[in-house]
Amino acid sequence: MKNNKKIFAGIEAGGTKFVCAAGNSLGEVIERETFPTTTPKETMACVNEFLARMDAKYKLSAIGIASFGPIDPDPKSPDFGHITTTPKPGWGHFNIVGSVKEKFNLPIGFDTDVNGAALGESRWGNGQGLDSLVYWTVGTGIGAGGMLAGKMMHGLIHPEMGHTFVNHDRVKDPFPGVCPFHKDCLEGLASGPSMKARWGVKSATDLPADHQAWDLEADYLGHAMANCILTLSPKKIIIGGGVMFRTELYAKIRKKTKELLNGYIQHRLILKDIDNYIVAPGLGNNAGVCGALAIAEASSP
Ligand code: ZN
């Protein structure tokens, strides 16, 4: 049992904001502050100032960084700790771990935001007790991470399931997609920005509940979930992110996933209890930053 008197800092590094927190081994968030993502210099100055205050107040045991990607999470690689090919100005090839390490002589854990969220859900949320789960975020971007046999998913780099390819019926949906790398990958067709561009709205969640956009969205996400189940066979799938604030999507995604699998995966959870298999994050709005805390906890001796 880990000592829950230890206090950790977690940094959820996102494309629009950084959420920073101090918390303990029970997953309790004690302090929480948010900074806009501007330039690395400006944003990291706010982050390091927050960390210095928390360290003075609580004597931190470790720091966890859960970052938007792609990143290099391999400690043996010369680019370890870097954000790599992001189109976000100023952040490409930025050494985010290094910029914290030069100020704090503490263990620093580093992983993707979605691997972090999966770890946080397995510690304190809807994945407790599971050694295998996948966490998806559907918002400004789409990404997924998770654990298999108790280990976070790392391979050559890390999974980028948000950029996998799904059936795109151009008669039903002539929209070309918004991914700068692939056009009509999953993120290109189903992220918040793709919904905004396709339907000409300010925010995807402005679309009324009976708009055809939601069936189309569930169609793409259903393909992604079916592919995820067929490829990784996770024991649970957790879907968070801004687009999922439209909670009626969950039922639509479950239905489409079942329809596509068509009885092929013979497991009770999928056949009879999919409502408890594809679920929302148990940690709600704190899923991301609790993920960063879980990364910190895991890196603490
Ligand atoms: Zn893509």
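Start at 1 and go down the list; that is how both ligands and their atoms are numbered.
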| Counting distance only, does the side-chain N/O of R198 pair as donor-acceptor with the main-chain N or O of L189 below 3.5 Å? |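 At least one qualifying donor-acceptor pair exists.
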| request: Taking K258 for its side chain and L271 for its backbone only, find out whether a donor-acceptor pair lies under 3.5 Å. | output: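 Judged by distance alone, yes, a pair lies under 3.5 Å.
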| Going by distance alone, is a donor N or O of one side chain under 3.5 Å from an acceptor N or O of the other, for H223 and N227? |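 Result is no, nothing qualifies.
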| Does a donor on one side chain sit under 3.5 Å from an acceptor on the other, for D72 and S77? |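 There is such a pair between these side chains.
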| Under 2.8 Å from the Zn ion (ligand 1), the protein N, O or S atoms, given as residue and atom | H163 ND1, C179 SG, H182 ND1, C185 SG
| field | More than 12 heavy atoms from other groups under 6.0 Å of CG on D273 | value | yes
| N115 side, atom CG; L119 side, atom CG - distance, nearest 0.5 Å |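 Taking CG in N115 and CG in L119, the distance rounds to 8.5 Å.
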